[in-house]
Amino acid sequence: MLRNGLEPWHLLVVAIVFIVLFGSKKLPDTARSLGRSLRILKSEAKALKDESAAPAAATPADPAAR
């Protein structure tokens, strides 16, 4: 049954369900807000990654070098 994962007709059924549930007028707004949310999530994750990497780079690896 799930040998190939998602097939094209699965995506078509999901798209039809979304159109029926949200209506064609709400879909662009929903997609736009989802895109903004993903952008914010990516930028916050990058900031966390950069923040955690910065203190490690600032401390010397050799304790005798202090």
Side-chain angles (χ1 to χ4, degrees):
M1 179 149 176
L2 288 175
R3 55 194 164 145
N4 292 334
L6 287 177
E7 294 181 10
W9 68 272
H10 290 118
L11 298 176
L12 180 65
V13 170
V14 170
I16 291 172
V17 168
F18 273 110
I19 291 172
V20 168
L21 285 177
F22 296 109
S24 61
K25 292 184 180 183
K26 285 288 228 178
L27 281 178
D29 295 333
T30 305
R32 199 172 299 120
S33 62
L34 180 64
R36 283 188 200 126
S37 299
L38 285 175
R39 240 180 282 131
I40 291 169
L41 179 66
K42 284 181 183 179
S43 67
E44 292 295 325
K46 184 179 178 187
L48 274 174
K49 185 177 178 183
D50 292 344
E51 186 177 291
S52 66
T59 58
D62 185 18
R66 292 184 189 179

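Because the structure is predicted, anything quoted here is derived from the model rather than measured.
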Out of curiosity, L34 CG to L27 CG, how far, rounded to the nearest 0.5 Å?
11.5 Å
Shared hydrophobic cluster for I19 and L12 (ILVMFWY, side-chain gaps under 4.5 Å):
no
Can you tell whether the side chains of D29 and R32 come within less than 4.0 Å, N to carboxylate O?
yes
Run the side chain to side chain contact (heavy atoms under 4.5 Å, CB included) test on K42 and R39 for me, step by step, so that the C-alpha distance in whole Å, both residues' side-chain angles and the decisive distance to 0.1 Å come before the verdict.
CA-CA 5 Å; K42 284 181 183 179; R39 240 180 282 131; 5.9 Å; no
With a 4.5 Å cut-off on side-chain heavy-atom distances among I, L, V, M, F, W and Y, is there a chain of contacts connecting V20 to V17?
no
